[in-house]
There are 2 protein chains.
Amino acid sequence: MKEPDDTLSKALKKLREQHVRITPQRKLILDYLMNHENHPPVEEIYKELAPQMSSLSLATVYNTLNLFVELGIVIEIPNENGGVRYDFFGRPHYHAICENCGKVTDIYDPNLPQIDGMLQNTAKKQSGYNFNSCHIELYGLCPECQAKGVTLAS
Amino acid sequence: MKEPDDTLSKALKKLREQHVRITPQRKLILDYLMNHENHPPVEEIYKELAPQMSSLSLATVYNTLNLFVELGIVIEIPNENGGVRYDFFGRPHYHAICENCGKVTDIYDPNLPQIDGMLQNTAKKQSGYNFNSCHIELYGLCPECQAKGVTLAS
DNA sequence: CACTTTTTTTAGAAAAATTCCAGAGAACGT
DNA sequence: ACGTTCTCTGGAATTTTTCTAAAAAAAGTG
């Protein structure tokens with residue numbers, strides 16, 4: 001599912017608005033995240049992009065991802081083994097995560113805004129927080145692992 | 001909010017059912033997690049418990065936490081800086097996380113089972129996964145940080 | 001209760017992940 | 001185009017997590 005052509009420019013505009021400089025490295029990483037549904041970990045992003053920009057430093061990938069997360073352009077998804085995967089968060093969605101193979105699948109739910117509202121409402125009453133984003137992960141078995149006959153401990 | 005006295009024995013029973021051996025180390029860590037609302041990271045658990053059991057090894061804390069997560073007794077909460085915090089998951093709840101100070105507050109919502117059902121329903125139709133648990137995190141500013149006048153980039 | 005088997009713990013070493021740093025380079029407003 | 005300011009690089013340093021082999025300790029057996 002390739003993102004529409006203007007998704008990148010929209011994201012870049014957001015960067016400019018925040019007075020964040022647009023560098024080739026940032027563009028490259030953003031573009032990669034936008035056009036891959038694989039929810040890659042840091043190391044994979046680095047390995048994929050290093051050939052395209054031979055000077056790219058691993059430290060830059062870390063810096064850039066942390067920056068994008070702070071800006072809310074990208075979110076982190078917890079990984080089966082404590083690691084972190086990265087996900088371009090253009091449209092709100094949540095995640096189905098396979099507890100066996102670790103695959104992450106995006107779920108686009110028309111009811112999400114409403115559910116989000118209910119959650120924030122209760123949480124605000126109970127805790128006094130002011131919210132601005134919501135992450136949801138559902139854990140289970142993907143169809144492929146089900147077919148393999150995998151079952152889980154719990 | 002101290003957990004009722006039998007919460008520990010219930011959890012221990014669950015361990016036995018899974019044929020997981022009950023060791024003093026596991027009891028200690030479980031007890032600590034149950035009776036602290038601070039959602040501690042690994043290092044903090046180790047530092048707190050080391051004085052109580054001088055032989056306790058950091059590796060054991062890692063092993064034990066990973067075990068508890070696999071068994072579904074404990075869940076991981078993503079931390080502001082990529083780290084992980086641990087949370088005893090006795091009763092289903094979700095989390096309000098402060099983007100400024102990193103505090104994690106538990107939210108007990110009577111509608112959670114219903115919301116959970118809606119999410120799983122849509123997600124199952126769209127992805128074919130079979131689910132068995134659901135994690136929700138709301139990100140925002142806690143009352144204290146609001147009072148301090150903190151505002152966020154995004 | 002003593003014995004056996006199997007699992008767990010320990011401690012330190014090893015590996016992996018992430019951050020730090022100082023100098024070189026590049027973006028952007030003027 | 002210039003100068004200021006922010007960013008990138010590469011390697012070292014730090015932090016986090018896992019691994020390993022030997023010792024200790026659970027649970028099962030009769």
Side-chain angles (χ1 to χ4, degrees), chain A residues 9 11-32 39-71 73-74 76-86 102 153, chain B residues 11-32 40-71 73-74 76-86 102 153:
Chain A
S9 36
L12 293 179
K13 195 175 145 203
K14 191 165 181 182
L15 290 186
R16 267 188 224 99
E17 281 164 3
Q18 305 281 198
H19 306 290
V20 171
R21 291 195 180 170
I22 291 161
T23 66
Q25 291 84 353
R26 286 172 183 173
K27 251 194 228 174
L28 186 68
I29 293 170
L30 194 49
D31 183 72
Y32 178 81
H39 308 90
V42 175
E43 199 61 31
E44 186 175 328
I45 298 172
Y46 178 66
K47 274 188 194 141
E48 290 283 320
L49 297 182
Q52 293 178 51
M53 185 184 280
S54 57
S55 71
L56 184 68
S57 163
L58 181 55
T60 300
V61 178
Y62 275 101
N63 288 339
T64 303
L65 290 170
N66 287 339
L67 176 70
F68 288 169
V69 169
E70 274 178 26
L71 294 174
I73 292 174
V74 156
E76 296 180 327
I77 310 172
N79 199 1
E80 58 285 21
N81 23 308
V84 183
R85 294 167 165 276
Y86 290 87
Chain B
L12 293 180
K13 195 175 145 204
K14 190 166 181 181
L15 289 187
R16 268 188 224 98
E17 282 165 2
Q18 305 279 199
H19 306 290
V20 170
R21 291 195 179 169
I22 290 160
T23 66
Q25 291 84 353
R26 287 173 183 171
K27 252 194 225 172
L28 186 67
I29 293 170
L30 195 48
D31 183 71
Y32 178 79
V42 175
E43 199 61 31
E44 188 175 327
I45 298 172
Y46 178 65
K47 274 188 194 140
E48 290 283 321
L49 297 183
Q52 291 180 50
M53 184 184 280
S54 57
S55 71
L56 184 68
S57 161
L58 181 55
T60 300
V61 179
Y62 275 101
N63 288 340
T64 305
L65 290 170
N66 287 339
L67 176 71
F68 288 170
V69 169
E70 274 178 28
L71 293 175
I73 292 174
V74 156
E76 296 180 327
I77 309 172
N79 197 2
E80 60 283 22
N81 21 308
V84 183
R85 293 166 166 278
Y86 289 87

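Computed from heavy atoms alone, side chains included, the values below leave out hydrogens, waters and symmetry copies. Letters go in sequence order (proteins before strands), and every chain restarts at 1.
Closest to the Ser57(B) side chain, of the nucleotides dT10(C), dT17(D), dT19(C), is dT10(C). Among the nucleotides dC8(D), dA26(C), dG11(D), the one closest to any side-chain atom of Arg21(A) is dA26(C). The side chain of Leu58(B) approaches dT17(D) more closely than any other nucleotide in the set dT9(D), dC8(D), dT17(D). When each of dT10(C), dT19(C), dT7(D) is scored by its nearest atom to the side-chain atoms of Tyr62(A), the top-ranked nucleotide is dT19(C).
Comparing Arg16(B) and Asn63(B) against DNA chain D, the residue whose closest nucleotide sits nearer the 5' end is Asn63(B). Nearer the 5' end of DNA chain D, as judged by each residue's closest nucleotide, is the contact made by Ser55(A), out of Ser55(A) and Ile22(B).
Following rounding to the nearest Å, Tyr86(B) (OH) and dT16(D) (P) show an atom-to-atom distance of 12 Å. Protein atom CG of Leu67(B) is 9 Å distant from nucleotide atom P of dT9(C), rounded to whole Å. Regarding Leu28(A), its CG atom lies at a distance of 16 Å from the P atom of dA26(C), rounded to whole Å. In this structure, Glu76(A) places its CD atom 12 Å from C1' of dT18(C), rounding to the nearest Å. Rounded to an integer number of Å, the gap from CG of Leu15(B) to P of dA26(D) is 14 Å. Atom-to-atom, OH of Tyr46(A) to P of dC8(D) comes out at 14 Å; the value is rounded to the nearest Å. For the pair Lys27(B) NZ and dA27(D) P, the interatomic distance rounds to 9 Å; values are reported in whole Å. Counting to the nearest Å, the P atom of dA24(C) and the CD atom of Gln25(A) are 18 Å from each other.
Of the listed residues (Glu44(A), Glu76(A), His39(A)), just one forms a side chain to side chain donor-acceptor pair (under 3.5 Å) with Tyr86(A), and that residue is Glu76(A).
In this structure a side-chain-to-backbone donor-acceptor pair under 3.5 Å is missing from Thr60(B) to Leu56(B).
Looking at heavy-atom distances under 4.0 Å, Thr23(B) makes contact with sugar-phosphate atoms alone, never a base. Base contact: Thr60(B) has a heavy atom under 4.0 Å from a base atom.
For the OP1/OP2 pair of dC8(D) and a distance below 4.0 Å, the side-chain nitrogens and oxygens of Arg26(A) include at least one atom meeting the criterion.
The two residues Ser57(B) and Tyr46(B) make their nearest non-hydrogen contact at C-CE1, 3.8 Å. Taking every heavy atom of both residues into account, Lys27(B) and Leu12(B) meet most closely at CG-CD2, 3.9 Å. Of all non-hydrogen atoms in Ala11(B) and Leu30(B), the two that sit nearest each other are CB-CD2, 3.7 Å.
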